[in-house]
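One is the number of the first residue; the rest follow in order along the sequence.
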Amino acid sequence: MLQADYTTSQLDVLEAEAIHIMREVAAEFERPCLLFSGGKDSIVMLRIAEKAFWPAPIPFPLMHVDTGHNFSEVIDFRDRRVAELGVRLVVASVQASIDAGRVVEETGRRASRNRLQTTTLLDAIEEHEFDAVFGGARRDEEKARAKERVFSFRDDFGQWDPKNQRPELWNLYNARIRRGEHIRVFPLSNWTELDVWDYIRREDIEIPSIYFAHTRKVFARDGMLLSDADVVNRGDDEPVFETTVRYRTVGDMTCTGAVQSAASSVEEIIAEVAATRITERGATRADDRTSEAAMEDRKREGYF
């Protein structure tokens, strides 16, 4: 006699929660958008959006805040996925913000456009009148992100005040905003890095090749391996060498480090992530090392 099995896996629960969040946003807001960089978390969000509204098309555009210093493998992947899905992509350019005098480019060895993204993002939100913006941040990434609610309220300056957030008892989300304000929405809040990779394996999701082990020219700085690229200011005391690496997270080349790894498949990445005790941002993001509260300071200004 067949017996019904009503058990659900951890991934099923997380996926169902994320689908519910996306549908709530689509129902409550007039002009949402989904931040899509071509990184693993935004790729998972895109798959969640496909499932949430299938067989209808995704009912909101994608937006990428492009520093101009991104990894070419990721940009190529981004453009191909957008074309495959037939969705609208809004590219907010940091270079355009620099040219317009909205921000000033940093100089020096550790110069990066990462922090400049905040102004570009807020300008794009205002220009397109987005009232809800999906982001792929997870609470396990960094302690400031652990403070975020699923619906993270931003004032009319785009700023985040961790003491001025709304309760989310019983997973009830308050979507009320006034003109000029918006909500950042984080469907993957309760996911971990390992959950993301397990989901990528289960759904057989394609990801950029940069996440797998490959040979690359790098140099060491502050315990990280940075790519030897034209946009990265390398000192004479930072010799270049070639080694096998992969990226746990992708972002601006000037502040995103690689890790030495031989993991060439999703299964091998999962085994590697399960054994590590350092978060991907803690291990590979120079922008989070400038101070103890670096991420929280940026988020208060309007960062992702």
Side-chain angles (χ1 to χ4, degrees), residues 31-39 41-42 60-83 87-137 154-160 179-182 184 208 210 219 221 226-235 247 249-257 284-291 294-295 297-304:
R31 298 176 66 88
C33 78
L34 186 150
L35 293 175
F36 183 70
S37 64
D41 299 304
S42 62
F60 38 74
L62 311 183
M63 178 166 67
H64 182 210
V65 180
D66 185 359
T67 67
H69 293 169
N70 296 291
F71 294 96
S72 59
E73 301 97 320
V74 179
I75 296 299
D76 292 343
F77 179 88
R78 178 203 73 183
D79 293 341
R80 181 162 53 79
R81 283 298 290 139
V82 167
V87 293
R88 182 167 71 96
L89 174 66
V90 174
V91 177
S93 169
V94 172
Q95 182 62 56
S97 297
I98 294 170
D99 294 342
R102 293 285 295 145
V103 293
V104 177
E105 185 146 29
E106 297 177 3
T107 59
R109 178 179 293 195
R110 287 175 169 77
S112 172
R113 291 183 173 183
N114 191 65
R115 191 167 191 134
L116 307 185
Q117 292 179 93
T118 298
T119 299
T120 305
L121 171 63
L122 295 178
D123 286 350
I125 290 173
E126 182 179 5
E127 177 187 351
H128 297 279
E129 299 182 334
F130 293 134
D131 52 4
V133 180
F134 289 107
R154 304 300 169 109
D155 64 21
D156 52 358
F157 295 102
Q159 297 174 327
W160 175 65
R179 184 173 179 81
E181 300 170 343
H182 71 277
R184 303 282 175 87
I210 198 171
F219 65 93
R221 175 185 292 171
L226 295 178
S227 179
D228 179 36
D230 292 340
V231 299
V232 183
N233 296 327
R234 181 178 60 84
Y247 285 82
T249 180
V250 296
D252 191 292
M253 283 192 288
T254 60
C255 62
T256 304
T284 64
R285 294 301 291 266
D287 47 321
D288 289 345
R289 300 184 178 190
T290 55
S291 74
M295 173 62 82
D297 290 343
R298 294 200 307 276
K299 288 181 72 64
R300 286 178 181 271
E301 296 170 357
Y303 189 73
F304 306 119

Only counting residues at least two apart or in another chain, list the ones meeting salt bridge (charged side-chain N to carboxylate O under 4.0 Å, His left out) with Arg110. Asp222

If every non-hydrogen atom of Ser97 is compared with every non-hydrogen atom of Thr120, which pair is closest and at what distance? OG-OG1, 2.8 Å

What's the shortest heavy-atom distance between Gly257 and Tyr247, and which atoms? O-CD2, 3.5 Å

Considering non-hydrogen atoms only, spot the tightest contact between Gly38 and Pro208 and give its length. O-CG, 3.3 Å

Would you call His64 and Val82 a side-chain contact if the rule is heavy atoms closer than 4.5 Å? no

Go through the structure and list residues passing salt bridge (charged side-chain N to carboxylate O under 4.0 Å, His left out) with Glu181, not counting sequence neighbours. Arg178

Pairs meeting criterion ring pair (Phe, Tyr, Trp, His ring centres under 6.0 Å) with involvement of residues 97-131, two or more places apart: His128-Phe130

In this structure, CG of Asp156 is separated from CG of Leu122 (nearest 0.5 Å) by 11.5 Å

According to ring-ring contact (aromatic ring centres under 6.0 Å, His included), who are the partners of Phe134, at least two apart in sequence or on a separate chain? Phe60

Taking all non-hydrogen atoms of both residues, which atom of Val250 and which atom of Thr256 are closest, and how far apart? CA-CG2, 4.1 Å

Taken in chain and number order and not counting sequence neighbours, the residues that satisfy side-chain hydrogen bond (donor to acceptor under 3.5 Å, both in side chains) with Thr119 are none

Go through the steps to decide whether Leu35 and Leu121 satisfy the test side chain to side chain contact (heavy atoms under 4.5 Å, CB included), and finish with yes or no. CA-CA 10 Å; Leu35 293 175; Leu121 171 63; 4.1 Å; yes

Distance from Asn114 atom CG to Thr67 atom OG1, nearest 0.5 Å? 7.5 Å

When the side chains of residues 68-75 are checked against the rest of the protein, which donor-acceptor pairs come out under 3.5 Å, sequence neighbours left out?
residue	atom	partner	partner atom	Å
Asn70	ND2	Asp66	OD1	2.5
Glu73	OE2	Arg216	NH2	2.7

Only counting residues at least two apart or in another chain, list the ones meeting side-chain contact (heavy atoms from CB on, under 4.5 Å) with Asp155. Phe153, Phe157, Gln159

Out of curiosity, Asp252 CG to Arg115 CZ, how far, rounded to the nearest 0.5 Å? 14.0 Å

Which pair of non-hydrogen atoms, one from Asp41 and one from Gly136, has the smallest distance, and what is that distance? CB-O, 3.7 Å

To the nearest 0.5 Å, what is the distance between OG on Ser37 and CE on Met63? 12.0 Å

Side chain to side chain contact (heavy atoms under 4.5 Å, CB included) between Arg179 and Glu129: does it pass, once the steps are laid out? CA-CA 9 Å; Arg179 184 173 179 81; Glu129 299 182 334; 4.0 Å; yes

Under the rule for salt bridge (charged side-chain N to carboxylate O under 4.0 Å, His left out), what residues qualify as partners of Arg234, not counting sequence neighbours? Asp228

Non-hydrogen atoms of Ser227 and Val232 that approach each other most closely: O-CG2, 3.7 Å

Can you confirm whether Pro61 sits close enough to Leu89 that some side-chain heavy atom of one is under 4.5 Å from a side-chain heavy atom of the other? no

Can you tell me which residue pairs pass the salt bridge (charged side-chain N to carboxylate O under 4.0 Å, His left out) test with a partner in residues 96-109, sequence neighbours excluded? Arg102-Asp123, Glu105-Arg113, Arg109-Asp237, Arg109-Glu238

